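Below you'll find the structure, written out as structure tokens, and then a few comments.
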Amino acid sequence: MNGTVLDRAFYDRPVVRVAQELLGKRLVRDWQGQRVSGLIVEAEAYLAAGDPASHSYRGPTRRNRSMFGPPGHAYVYTIHTRYCLNVVCESQGVGAAVLIRAVEPEEGMELMARWRSRSNPLDWTRGPGRLCEAFQLNLQWDGWDLTTGHGLWIEQGPALPEWTLGVSPRIGIRLAQELPLRFFVQGHCFVSGTRRLNGHTQAGFAWLQQLPVGASRRKAVMNFPKPQSPRQSKLDN
DNA sequence: CTACCGATTGACT
DNA sequence: GTCAATCGGTAGA
């Protein structure tokens, strides 16, 4: 299950490109030797310039200083008593980051279920605040170097069926709503937001096989249809 | 110091 | 669909 850890060069590139290419990669948390992981299915880019919705828009502060640090580190912030996880991109001194908005659970689901205290697996990691709770991420992880392969990192994901890149405006922002900077796996059942923004289907990659045995699995299988046949994938640019 | 606001979520009509 | 919780960041007096 282990994969190659994404290195600093991956993050040291234009933030929009990193946001798109993070889809399908695996976010991993090591908790006492146990892996908690999921495949990234939704991400948003926040630009270093010309983006009033970005926390970096007004320059460095105590809160957002990680955003201006070296690429490949985490930027974790609080919002409405929740935490959100970003990965810092582009050169040091440049305030660009990708918000990880949703992952499909892969490993450590017992821990996710405990930490999220919700029976429906779809509620574990669908949304930036939810996935931080499912991975037990908080401000202690702000500034964490994601390229070491310890504690918290992102690695090359598994081979996936072909899928379609979805693009939309970012969710939950007031300013710069016109910018198409949200990227997601079209139709994936762990993508947050409304149907209109998300696409029509409710397919996942492989999560049905990963669910715990028992009542929660039966319920999940009943509630959520099987993945439909794959479609084209392409990340141009 | 006070006042306002938000890259959210969960409960409720 | 609507709305309140709840608190750190930010701006301004």
Side-chain angles (χ1 to χ4, degrees), chain A residues 11 14-16 18-20 22-23 27 38 40-69 71 73-90 94-103 105 112-144 146 152 154 166-185 189-198 216 219 223:
Chain A
Y11 302 100
V15 63
V16 170
V18 175
Q20 294 175 353
L22 276 174
L23 299 179
L27 177 69
I40 298 171
V41 297
E42 181 183 4
E44 289 178 348
Y46 287 86
L47 309 181
D51 182 5
S54 173
H55 286 176
S56 63
Y57 187 62
R58 294 165 194 278
T61 66
R62 173 175 223 81
R63 174 208 209 188
N64 67 12
R65 66 192 188 285
S66 297
M67 247 184 120
F68 293 88
H73 287 243
Y75 165 46
V76 181
Y77 68 91
T78 61
I79 177 74
H80 291 278
T81 72
R82 311 274 168 170
Y83 302 105
C84 291
L85 170 67
N86 296 252
V87 298
V88 178
C89 300
E90 305 186 10
V94 172
V98 174
L99 171 68
I100 309 299
R101 286 196 58 93
V103 306
M112 295 184 193
R114 185 197 308 171
W115 290 334
R116 283 284 294 142
S117 61
R118 289 220 136 6
S119 59
N120 188 342
L122 266 190
D123 288 334
W124 291 345
T125 56
R126 199 177 84 97
R130 290 166 174 167
L131 83 83
C132 278
E133 190 170 53
F135 280 67
Q136 284 287 282
L137 301 177
N138 54 35
L139 288 183
Q140 293 181 336
W141 294 92
D142 183 39
W144 188 265
L146 298 168
L152 179 68
I154 302 175
V167 182
S168 82
R170 293 168 293 184
I171 289 182
I173 57 169
R174 185 173 54 91
L175 304 169
Q177 291 180 3
E178 71 282 4
L179 299 178
L181 294 177
R182 173 176 174 259
F183 306 102
F184 56 98
V185 176
C189 56
F190 277 90
V191 170
S192 69
T194 67
R195 252 183 180 201
R196 191 176 63 76
L197 294 173
N198 179 8
S216 60
K219 178 184 175 187
N223 287 348

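Proteins come first, then strands; the chains are lettered A, B, ... in the order of their sequence lines, and each starts at number 1. All figures in this text were calculated on a predicted structure; none of them were measured in a lab.
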### Query
Are a donor atom and an acceptor atom from the side chains of A/Ser192 and A/Arg126 found within less than 3.5 Å of each other?
no

#### Entry: 5' priority, DNA chain B, between A/Val98 and A/Arg130 [closest heavy atom]
A/Val98

### Task
Please check if the distance between the ring centroids of A/His55 and A/Tyr46 is under 6.0 Å.
no

### Query
Side chains of A/Asp142 and A/Ser66: donor-acceptor distance under 3.5 Å anywhere?
yes

### Task
Using a 4.5 Å cut-off on heavy atoms from C-beta on, say whether the side chain of A/Val185 contacts that of A/Ile40.
no

### Query
At under 4.0 Å between heavy atoms, what does A/Leu99 touch on the DNA or RNA strands: base, sugar-phosphate, or nothing?
base

### Message
Can you tell me if A/Gln140 has over 12 outside heavy atoms packed within less than 6.0 Å of its CD?
### Response
no

### A/Glu44 with A/Arg170: basic N within carboxylate O range, under 4.0 Å
no

### Message
In the structure I gave you, are the side-chain heavy atoms of A/Val16 and A/Leu47 within less than 4.5 Å of one another anywhere?
### Response
yes

### Sugar-phosphate, base or nothing in reach of A/Asp123, heavy atoms under 4.0 Å
nothing

### Message
Just so I know, are the side chains of A/Val98 and A/Asn86 near enough to count as touching, which here means a heavy-atom distance under 4.5 Å?
### Response
no

### Query
Are any of the side-chain heavy atoms of A/Leu99 and A/Leu85 separated by less than 4.5 Å?
no

### Query
First contact, last contact: which nucleotides of DNA chain B are these for chain A, 5' to 3', heavy-atom distance under 4.0 Å?
B/dG6 to B/dA11

### Query
In dot-bracket, 5' to 3', how would DNA chain B read with Watson-Crick or G-U wobble pairs under 3.5 Å, [ ] for crossing ones and | for pairs to another strand?
||||||.|||||.

### Per-nucleotide protein contact string for nucleotides 6-13 of chain C, where B marks a base within reach and S marks sugar-phosphate only (heavy atoms under 4.0 Å, - for neither)
BSSSSS--

### Message
For a 4.5 angstrom cut-off between non-hydrogen side-chain atoms, does A/Val41 reach A/Val103?
### Response
no

